[in-house]
Amino acid sequence: MPRDPSTDREARGERRRSTHHGHHRNRSSAKHDRDGDGDRETDAEREERRRKRRSQSRRPTSTPRGAGGGNESDAPSSSQGLSAAALAQLNKANAKDKAKSRSRPTSRQPEQRRRSSRAPAPEPEIRNARDLALEWERSRGKGRFAPPEDSEDAEREARRAARRAARTRERSRAAGYESVGQGGYESGEPPERERRRGRKGYEKVDGGGGGLAPKVISVAGPSGERYERDRTTKGGRRVVSGAQLEEGIENVQSRKPHRSGLRGGGFMGMNFGVSSEDSMLRAKPQETESELWRGKPRPWYKQKKKLWWLIGVCTVLLIIIIIVAAVVVPNSGKDENKRDDGSGGGGGGGKSNLGSISPDSIPKDAPSYLNPFVWASTDDFNLTYTAETVGDLPLMGLFTSWDDSARANDKVPPLNKPWGDYTKRPARGVNVGGWLSLEPFITPSLFDYDSRFGIVDEYTLCSYLASRCASVLEAHYASFVTESTFRDIAAAGLDHVRIPFSYWAVQTYEGDPYLFRTSWRYLLRAIEYCRKYGLRVNLDPHGLPGSQNGWNHSGRLGAINWLNGTEGDLNARRSLEFHDRLSRFFSQPRYRNVISHYGLANEPKMTELSVPAVLEWTAQASSTIRKNGIPEDVILVFGDGFRGLGNWQGELQSLPNAALDVHQYVIFNEEQIAYNHSQKIRFACEGWARQTRESMDRSTGFGPTLVAEWSQADTDCAKHLTNVGWGNRWTGTLGPGGTRPKDVRPRCPALDRTCSCEEANAGPERWSDGYKRFLRMFAEAQMDSFEKGWGWFYWVWDTEDAAQWSYKKGMAAGVLPQKAYEREFNCDLSKIPSFSDLPETY
């Protein structure tokens, strides 16, 4: 509204005191022409009204609190409250006056002033509402934020609050709400507002009265009805309602709550001019979960009932986790060590001699492989500390004396006597595979993880286990193969043992997760056990740096990075360094009689490698080994590389006392696996015997040939045999996850969907007499053929589950001879039965 043009000094002083409140006060006197004829009050009438106001403000202010700020005649009754309807009516009047003031010309016409002079006075309800608000606030006492005692200041504060309500009203209109009637709303969602009220604890009542400090206060509903709430809520927390709750809820919520005990809106919690029984609410005691908190629904973490529920659920879950951990962890430990009874054939994990030394005898900075107090097993180790090395490899654990007078059986010479010609006395040996170099099908429990972890070989296993790799693998080393293992091997009529191990027994490189050098100690102890029982040793480097074949038993499944790829040359040099150190160590006099075979590389995959590169590396390694003192009577062994025995004719002929290593399995050949039972035996007697003789002949093959791996298994059904989680050829499911590729058909003799691994993987107790007869004959046929060369080594001595791959379990089941040199079948083809009583599906 335009400024008052009067030049009266006193009027200007009042305007300066009132600032913008005077502007609203001038505007409020004219806003009541909404019901009149449009006349305006004259300047004289307006000046008379100002004089009356000034005279009232000079009256003494000794009126008791709660008596109001104006004339006594204007004081409202004690039962009259500031209802939402009254406040809404006031807001509507202000809004209309503002709209008219914007459209009114700056020059006033006398007739307009006369019409305004006839405008009705403010409605008693509105005036009394303001007075009642002032009376209520003054009755609250003189606190830090108590309203001023001066009636004019109090009225000014009341008008200020009324203007705030008007602004809130305008914002609400912009949001889509319109005030109508007695506190109702004309909007798109009045029922939803009513439902929200119901959820917040309001109850419908018939009346709308109440005193200045009612115990139960009420607020107008969207349809004229009234709601009430008890003000005696536990905690005494008040929240705004009335016009602010209904119209200005966004504004209320945006204000920062004051913690001094003052409630509601206004400046810093003060509710001057609008604090009535409708502007303060207390939640019902029984509905504390839905009470308002800081102008909005109380959050869940402030609601005790929900908080207690959450604590209870968490406690139950914690108890379940503790119970599961108590059950699973001990059982998993049993799985890791279960090879100690039944797989390893004896002890080996003891520390019976640890008390013979003092902890002070071990330097505090000694590495773990030199500290017996951290070893999983100390049995049969020399615990006297020494940091001495040979070929940069530790001697720790070895005794200084040895005895080579033992013999494996009465068919072979003792260790300190020459073996003689292997053509006349072929080796009969066995592998202790899956021990120092892991192979998943031999010890599947070590790879029993969810497939999502991708644990498929020793590399990924140690990567996953991280620091726990040491404890898990050493527990395996200490239990899977023990002294009793070698005692039983000798008792079975065997005379040689092939011990697979990998390069990390000697050295690891950056990025390797493998367990460094722990297996070295167990390798040395195994050789001493072989010495004790008269068994000769074939050293077998099963995994070289970079992997020479990319298969899981080389340490890492995947790419071949030995003599191949960007690091092929680097890994070739590392492999030569490995043999340099290894050969210097085993050239010591103590190993002269016990080590009979020295391997260079297990199964280099020459079908994917450069043949000239492999031949050159083999010649270099052989030269290094001999130069470092490995005796001439020790046989250097190198793999055939799967290139065909005939292709070795004339190769590496300059190598002294070397032998070609061949691994013979019918199950990894697409044609041979499909042979029926009698055909497999006939092939073992005829096919492999012929291959051996041809390879032994230097005119058709390399010359000296031995079979360092074979088994009596007639299917590839064993768990993890083809790879962790893979299927097999037998049922046509060879591939990740045991899928059945479209271009792969079952390879059991039936060659159809009836092929099954159920009976093939069954334990020996379920094998029929006919099936046991087949397995025994198939094994002895191979022994006979391979002895046409320099001998054989069965793969392997023991497994966790795969009985057809375990020499120990085969003897117990009667499908292998109790003495390797006492056999029932010697490839007399006329004695091969048809086995027509056996199904060809397993």
Side-chain angles (χ1 to χ4, degrees), residues 380 389-391 393-395 397-408 412-422 425-433 435-437 481 485-486 489-490 494-503 505-506 519-542 578-602 621-639 655-659 661 704 706 708 790-793:
D380 302 314
T389 64
V390 175
L393 294 172
L395 292 171
L398 292 175
F399 292 96
T400 56
S401 61
W402 62 90
D403 181 8
D404 290 340
S405 62
R407 68 172 68 192
V412 297
L415 296 178
N416 55 9
K417 300 295 181 180
W419 177 264
D421 188 354
Y422 275 92
R425 184 185 288 126
R428 298 180 178 123
V430 69
N431 287 268
V432 284
W435 179 40
L436 303 181
S437 292
V481 172
T485 301
F486 302 97
I489 289 172
L494 300 168
D495 43 53
H496 284 67
V497 177
R498 185 172 182 247
I499 307 177
F501 64 100
S502 295
Y503 75 87
V506 173
S519 57
W520 174 256
R521 179 171 69 252
Y522 288 92
L523 171 63
L524 299 185
R525 188 174 72 171
I527 294 173
E528 296 306 313
Y529 285 148
C530 287
R531 187 195 307 274
K532 182 176 181 178
Y533 295 102
L535 298 167
R536 288 169 168 82
V537 174
N538 181 349
L539 293 175
D540 170 36
H542 224 64
F578 163 78
H579 278 298
D580 178 51
R581 297 168 67 181
L582 198 68
S583 59
R584 280 190 283 147
F585 187 91
F586 287 118
S587 63
Q588 296 178 78
R590 69 182 298 137
Y591 296 110
R592 181 177 181 85
N593 295 324
V594 70
I595 294 179
S596 59
H597 297 68
Y598 187 111
L600 301 182
N602 176 68
S622 299
S623 175
T624 300
I625 292 167
R626 294 300 187 194
K627 182 179 64 178
N628 286 339
I630 296 297
E632 291 271 342
D633 58 350
V634 173
I635 302 170
L636 294 184
V637 181
F638 57 92
L655 299 183
N657 200 18
D661 177 11
L706 58 87
W790 278 16
W792 50 264
F793 295 79

Determine, stepwise, if the pair Asp380 / Phe399 fulfils side chain to side chain contact (heavy atoms under 4.5 Å, CB included). CA-CA 9 Å; Asp380 302 314; Phe399 292 96; 5.5 Å; no
Distance check, rounded to the nearest 0.5 Å: [X] atom [atom1] versus [Y] atom [atom2]?
X      : Y      : atom1 : atom2 : result
Leu636 : Ile630 : CG    : CD1   : 8.0 Å
Leu524 : Tyr529 : CG    : OH    : 12.0 Å
Leu415 : Ser596 : CG    : OG    : 9.0 Å
Lys417 : Arg407 : NZ    : CZ    : 9.5 Å
Ser622 : Leu655 : OG    : CG    : 4.5 Å

Ile499 versus Ala526, closest heavy-atom pair with distance: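 Looking at all heavy atoms of both residues, the closest pair is CD1-CB, 4.1 Å.
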Considering all heavy atoms, the nearest Tyr533-Ala406 contact: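 The answer is C-CB, 4.3 Å.
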Taking the side chain as everything from C-beta on, heavy atoms only, tell me whether Arg626 gets closer than 4.5 Å to Asn657.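 They are in contact (side-chain heavy atoms under 4.5 Å apart), so the answer is yes.
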Listed by chain and number, what are the ring pair (Phe, Tyr, Trp, His ring centres under 6.0 Å) partners of [X], not counting sequence neighbours?
X      : result
Phe501 : none
Phe578 : none
Trp419 : Tyr422, His496
Phe585 : Trp520, Tyr591

Output yes when a side-chain donor or acceptor of [X] lies under 3.5 Å from a complementary backbone atom of [Y], and no otherwise.
X      : Y      : value
Arg425 : Pro413 : no
Asn628 : Ser583 : no
Asp495 : Leu535 : no
His579 : Leu600 : yes
Asn431 : Gly433 : no

Using 4.0 Å as the upper bound for N to carboxylate O, is an ion pair formed by Asp580 and Arg584?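 Yes, Arg584 and Asp580 are salt-bridged.
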By side-chain contact (heavy atoms from CB on, under 4.5 Å), which residues pair with Ser502, not counting sequence neighbours?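 Result, side-chain contact (heavy atoms from CB on, under 4.5 Å) vs Ser502: Ser437, Trp504, His542.
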Starting from the C-alpha separation in whole Å, work towards a yes-or-no answer on side chain to side chain contact (heavy atoms under 4.5 Å, CB included) for Tyr522 and Leu436. CA-CA 8 Å; Tyr522 288 92; Leu436 303 181; 4.0 Å; yes
Where at least one partner belongs to residues 529-542, residue pairs that pass salt bridge (Lys or Arg N to Asp or Glu O under 4.0 Å), sequence neighbours excluded: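 Output for this query lists Asp404-Arg531, Glu483-Lys532, Arg498-Asp540, Glu528-Arg531.
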Using the rule side-chain contact (heavy atoms from CB on, under 4.5 Å), only one of Leu539, Leu706, Val634, Val537 pairs with His597; which is it?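 Answer after filtering Leu539, Leu706, Val634, Val537: Leu706.
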Would Phe486 and Val497 count as a side chain to side chain contact (heavy atoms under 4.5 Å, CB included) here? Give the steps. CA-CA 8 Å; Phe486 302 97; Val497 177; 4.1 Å; yes
For Tyr598 and Asn538, which I'm curious about, is there any donor-acceptor pair between the side chains at under 3.5 Å?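 No donor-acceptor contact under 3.5 Å links the two side chains.
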Would you find more than 12 non-hydrogen atoms of other residues, nucleotides or ligands less than 6.0 Å from Arg592 atom CZ?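 Atom CZ in Arg592 is not packed in, count stays at 12 or less.
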